[in-house]
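FYI, the numbering just counts along the sequence from 1.
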Amino acid sequence: MKTLTSAAVITIVSVMSFNAMAESKVTKSIVLNKSVNKGNATIALGKNNLASTGSVNIKDSKVSKSIILNKSVNKGNATIALGKNNTATTGSVTIE
């Protein structure tokens, strides 16, 4: 039970540490992901879950005339997705 509780806490903290932009218009902008990840774990548990650490997620948005920079340092990280249709990212930019 202690292991499951620790994994759940890590997942909650991971989800809280990213920026999400949905159904937005990003025009003439700079999206900068300057993430430093040391010893972090990004874990997605269960069905259709997402856990992100230091990530920028842009979904269902229009991105034009913009610069997207991902300057991420990852050392000793484990990115694990368990279950069905899960996504786990560490220090990345996702555009859908």
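In this structure, the separation between NZ on K28 and NZ on K65 is 5.0 Å, given to the nearest 0.5 Å. Residue K59 holds its NZ atom at 10.5 Å from OG1 of T94, rounded to the nearest 0.5 Å. In this structure, I95 CD1 and D60 CG are separated by 12.5 Å, a value rounded to the nearest 0.5 Å. Atom-to-atom distance recorded for N70:CG and L32:CG is 9.0 Å, nearest 0.5 angstrom.
Between A88 and I80, the shortest heavy-atom contact is CB-O, 3.4 Å. Listed here is the closest heavy atom pair of N33 and S55: ND2-CA, 4.1 Å. The shortest non-hydrogen separation linking S66 to V26 is OG-O, 3.4 Å.
Remark: of the listed residues N57, T42, N85, N57 is the sole one forming a side chain to side chain contact (heavy atoms under 4.5 Å, CB included) with L50.
V31 places none of its side-chain heavy atoms less than 4.5 Å from the side chain of V63.
Legend: residues meeting side chain to side chain donor-acceptor pair (under 3.5 Å) with N74, ordered by chain and number and at least two apart, are N37, S72, N77.
For T89 and S52, the side-chain atoms include at least one donor-acceptor pair closer than 3.5 Å.
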